[in-house]
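A, B, ... follow the sequence lines: proteins, then strands. Residue 1 opens every chain.
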Amino acid sequence: MNWFETITMHSPALIVAVPLLAGFLTPLVSRINDTVRNLFVLIMLSITGILIAILGYDVLTNGIRTYVFGGGNTVITLPSGLMFHVRIIFEVDSMNIFMVIITIILAIIGIVYSLSFMKKEDGLDKYYTIVLILVTSTLGMELTGDLFNFFVFLEISCITSCALIAFWVHKGEALEAALKYIVISSIAALFFLFALGLLYAQYNALNMATIANAIQFSIIDQAALILIIAALTMKAGLVPMHMWLPDSYGEAPPSITFILIAATQAGLYGAFRVIFTLYGNVFNSINLAYVNLVITANTIGWVLVALAIITIIIGVFMALIQTDFKRLIGFTAVAEIGYIFLGIGVRLASKYVQYSGSSATAIAFSEYSSIALNGSIFHIINDCLDIGLLFLVAGAIYYATKETSLDKMGGLARNMKYTTVFFIIGLLAVSGMPPFNGFASKLMLYESTYQLNPIITIIAVLASILLLAVFVKVFYSAFMGPEQQKFKEVKEVPKGMLIAMGAVVVIIIIFGLFPNLVINNIVQPAADALTNYTTYISKVIPGVI
Amino acid sequence: MIFNIPFIAVVAMIFIGLYAVLFKRNLVKIVIGISIIESGVNLFLITLGYREGGVVPIFTSAPSDVASNAPGSMVLPVPQALTLTSIVIGVAVLALMLSLIMHIYRHYGTLDVRKMRRLKE
Amino acid sequence: MFSFESILETLKTGSGFWDPLIWVIIAALAFLLIYVLRSFGKKEFKEKTEQTQSFLSGNPEYEKEQMRIKGSNVYWGFIETMKWAFNILRKIHTGNASDYVLWLIIVMGFLFIVVFITGAL
Amino acid sequence: MSEMSKIVRTLSNITFPFIMVFGLYVIAHGHLTPGGGFQGGAVAASGCVMLIVAYGSTWIFEKIKVSRLSAFESLGALGFIGVAFFGLIFGGYFFNNFLVRTGILFNIIPETGFTGSEFNTAGVLPLMNFAVGVKVIAGVFAIVVVMAYASSLKEWKQ
């Protein structure tokens with residue numbers, strides 16, 4: 001076994017372990033020097049990125065890879081013949097790789113941004129420690145194959161993001177947002193734990209693949225599904241559980257918000273994994289034995305579509321009346337989450353039974369369902385980049401002018417030329433204007449939704465237009481208009497922040513001009529990994545089915 | 001029936017905690033409510049692992065014939081491990097929430113959750 | 001693994017397609033056309049004459065500082081017309097932490113009802 | 001927080017060593033009996049907290065620096081992860097229990113049944129328990145010290 005294979009083999013564990021180790025080393029390293037600490041954090045995250053690239057190459061070429069902590073076998077066979085799945089297991093398929101790539105891109109860019117943005121703040125060693133642990137927990141949520149491990153990482157992510165939201169302790173609003181966030185998310189996490197107990201009571205296992213293999217969709221499983229879905233959609237920010245999201249996005253330091261987006265998407269990933277893999281028998285199966293579950297799957301799909309539409313509408317409308325820059329972007333982030341859930345809902349609602357005469361012959365998905373799923377997954381990465389870029393621009397404006405209220409801004413385009421260009425690109429991308437990346441994914445969502453129900457598509461398109469209107473308002477009031485007396489001395493932000501924003505813009509343009517490069521290489525394998533839940537089960541616990 | 005009492009207690013504790021979170025004004029009482037929910041969930045996990053007549057899952061105090069009639073004679077250790085982890089996380093969340101409340105009191109001068117509404121709309 | 005040939009592929013969306021490169025070319029052609037048309041225009045425009053001043057029904061032009069429209073005043077008409085909807089939305093967003101939890105419970109209950117009714121079928 | 005009465009102080013002086021010893025016992029026997037790093041650490045830290053309660057909170061800021069406590073906390077966490085990394089290096093898997101049934105010290109195969117508290121049967125688990133114990137003692141103590149500091153600040157303001 002050469003060294004490359006060894007690294008590939010251990011990379012799932014190392015991806016989580018390296019940022020964790022770095023996080024706890026940071027307080028010690030920062031006793032030396034600030035520059036050394038900054039370099040250290042950046043290098044450690046780059047190492048994680050390299051590991052992720054290696055692992056991604058391997059997984060996309062060779063398929064699912066698992067890692068068992070503590071070594072040895074996962075299965076213990078008792079003398080009585082019972083098989084138990086012990087040990088914590090990490091499993092990596094294309095969907096995990098997709099999420100992990102998003103997380104590490106956002107984390108590295110966020111760190112580069114905060115190197116210049118947070119330069120003058122105090123307590124930076126704790127800041128970088130908590131950021132690294134937040135990245136660890138997000139990566140852990142996205143890599144784990146064990147439900148309880150997922151819960152632990154969920155709680156760590158909850159605690160660390162709360163601490164980071166309240167980083168500007170001198171602002172009362174930041175504390176308020178942090179408290180609201182931790183109250184609701186700890187309650188949701190407790191419900192998640194309760195659901196996990198229900199599943200454990202039924203199947204004596206916490207391994208996702210084992211449970212997915214055995215799931216019956218009895219009444220207890222239904223209760224567990226509801227609790228988990230409610231908890232995870234809360235974490236993702238679905239209306240009407242979205243209210244913490246603009247609060248915390250608006251009040252956290254913008255560099256943190258950028259990384260918080262990745263943590264939010266990890267909750268979304270959990271919802272994906274639970275719906276499509278854990279309850280794959282219900283939502284993904286085309287087996288005639290589960291014909292009675294088609295109606296259930298369709299109903300949940302329609303409920304999700306309805307919630308997604310409400311999410312889009314409320315997000316856009318609330319963004320229209322905001323006067324605080326970051327809070328406004330927070331509400332548009334809610335709307336973007338709605339588009340992602342629209343794709344999931346369309347996929348779930350498109351299941352039907354084929355009849356010949358009076359007897360059912362097959363269960364099938366409509367053709368547009370796969371496009372909806374692809375669009376939904378593609379929209380995750382577009383949402384992260386676009387909304388993230390806008391938050392970075394908001395942070396740049398805050399850095400230059402110390403203002404977040406739109407009423408007090410104006411004429412900033414004269415002094416901040418690069419920032420203005422970046423904002424225009426973010427504006428066009430987030431509202432789905434061609435040729436940027438938001439358009440490709442939204443087009444896929446529109447076309448698939450249109451075949452389910454045209455009215456929903458019309459609402460979604462109108463909301464997208466309103467989204468453009470919202471950002472035109474921001475653009476007009478912040479960047480255009482006559483020069484303000486108090487902003488005469490405003491300068492362009494430092495190079496580090498410009499580099500971070502520029503990197504996001506470059507990714508956005510590449511994704512926009514070559515959407516098929518992304519869809520064929522990352523998105524399509526991720527969608528395949530989600531839909532083929534039997535492959536997941538047979539790879540993670542071989543020999544069971 | 002007698003074995004259902006812990007489950008009834010679990011449901012009761014979760015609902016008492018939710019009542020405190022939803023209808024109490026004081027932030028500290030809300031935090032207490034969250035703690036009660038957490039205790040309820042922990043009790044649920046512990047109850048899952050209980051086995052009537054089983055012994056403690058500790059190596060040293062196991063009876064000598066434990067190997068012959070395993071796994072029936074020991075209480076399930078996994079839910080206890082889950083509960084311990086959950087308690088540890090609970091302590092961290094509790095400490096964080098209480099320290100946030102201390103800071104909030106300094107900024108707002110009140111612990112009333114209905115007056116803590118600078119961020120709305 | 002990574003196939004870079006797919007750079008130039010067209011994205012098929014079921015009933016349609018999307019190729020940004022074609023779009024960029026057409027957009028560039030359109031801009032070219034606009035430029036050509038513009039170059040046919042009259043060349044009588046002179047700077048710093050009466051031609052550059054805006055016509056406000058004969059009233060004098062305001063100072064530059066006063067010409068600014070605040071962020072909250074943009075789309076005033078739309079917001080005024082849709083006031084009923086925005087009032088409802090404002091009422092929903094109370095900013096109270098207990099209400100946030102209440103919404104979570106409401107969604108949970110709603111899903112319970114929906115799934116139990118259809119799951120029992 | 002102000003100082004409490006002499007009876008309380010004397011009693012806390014007497015009970016403090018016992019609480020610490022019990023906490024350390026729970027940490028050390030974490031792999032054999034109920035408890036472990038967190039539980040023992042919490043017990044030991046509560047002993048330290050008792051001193052703060054009994055003697056008031058002002059003296060503690062001169063004696064103990066929070067930065068030092070958080071350094072200890074990082075060290076505990078580092079020890080835990082370090083042991084996990086050693087498992088990767090020596091045992092071939094992350095978190096591998098590479099010490100169990102090896103060498104002279106750990107070459108005891110644990111039996112089912114009453115083994116009379118063989119202390120060295122669990123390989124790296126006691127090491128991890130110690131690391132967690134250090135982290136929890138430092139962490140909980142630091143939380144309480146910071147809270148005491150904050151509350152005393154408010155008293156000064158009034």
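Interatomic distance, A:Asn298 CG to C:Thr118 OG1, rounded to the nearest 0.5 Å: 10.0 Å. Rounded to the nearest 0.5 Å, atoms NZ (A:Lys473) and CZ (C:Phe78) are 11.5 Å apart.
Heavy atoms closer than 4.5 Å to chain C are found nowhere in A:Met480, neither backbone nor side chain. Contacts between A:Ala297 and chain C at a heavy-atom distance below 4.5 Å are absent for every atom of the residue. Contacts between A:Met243 and chain C at a heavy-atom distance below 4.5 Å involve backbone atoms as well as side-chain atoms. Interface remark: A:Ala478 contributes no atoms to any contact with chain C (heavy atom separation under 4.5 Å). Contact of A:Phe325 with chain C is not made at all, since no heavy-atom distance falls under 4.5 Å. Using a 4.5 Å cut-off between heavy atoms, A:Tyr476 touches chain C through its side chain atoms alone. Residue contact with chain A, scored on non-hydrogen atoms closer than 4.5 Å, involves the side chain of C:Ile105 exclusively.
Among all heavy-atom pairs drawn from C:Trp23 and A:Pro435, the shortest one is CZ3-CD, 3.3 Å. When all heavy atoms of C:Tyr75 and A:Leu320 are compared, the pair lying nearest together is CD1-CD1, 3.9 Å. Taking every heavy atom of both residues into account, A:Thr323 and C:Ser72 meet most closely at CG2-CB, 3.4 Å. C:Pro20 and A:Gly512 get closest at one heavy-atom pair: CG-O, 3.2 Å. When all heavy atoms are compared, the tightest approach of A:Gln222 to C:Phe116 is OE1-CD2, 3.1 Å.
In terms of heavy-atom pairs under 4.5 angstrom with chain C, the leader among A:Glu176, A:Met409, A:Met234 is A:Met409. When the candidates A:Lys408, A:Met318, A:Gln322 are compared by the number of heavy-atom contacts under 4.5 Å with chain C, A:Met318 comes out ahead. Across C:Asp99, C:Leu104, C:Leu102, C:Val101, the residue that shares the most heavy-atom pairs under 4.5 angstrom with chain A is C:Leu104. Annotation: maximal heavy-atom pairing with chain C below 4.5 Å, among A:Asp407, A:Ile371, A:Leu225, occurs at A:Asp407. When the candidates A:Asn62, A:Ile226, A:Asn374 are compared by the number of heavy-atom contacts under 4.5 Å with chain C, A:Ile226 comes out ahead. With chain C as the partner, the residue from A:Ala440, A:Ser448, A:Gly410 showing the most heavy-atom pairs under 4.5 Å is A:Ala440. Between chain C and the residues A:Pro434, A:Ala230, A:Pro525, A:Ser477, the most heavy-atom pairs under 4.5 angstrom are made by A:Pro434.
Heavy atoms from other residues, nucleotides or ligands lying under 6.0 Å from OH of A:Tyr450 number 12 at most. In A:Lys488, the NZ atom is crowded: over 12 heavy atoms of neighbouring residues, nucleotides or ligands sit closer than 6.0 Å.
Aromatic ring orientation, A:Phe439 versus C:Trp18: perpendicular (interplanar angle above 60°, classes split at 30° and 60°).
Among the residues in residues 106-114 of chain C, those with a non-hydrogen atom closer than 4.5 angstrom to a non-hydrogen atom of chain A are C:Val107, C:Met108, C:Phe110, C:Leu111, C:Phe112, C:Val114. Contacts between residues 181-188 of chain A and chain C, counted as heavy-atom pairs separated by less than 4.5 Å, involve A:Val183, A:Ile184, A:Ile187, A:Ala188.
Side-chain N or O atoms of A:Lys180 include none that pairs as donor or acceptor with a backbone N or O of C:Tyr100 at under 3.5 Å.
Within the 4.5 Å cutoff, no side-chain heavy atoms of A:Asp247 are placed close to those of C:His93. The shortest distance between side-chain heavy atoms of C:Leu89 and A:Ile314 falls below 4.5 Å.
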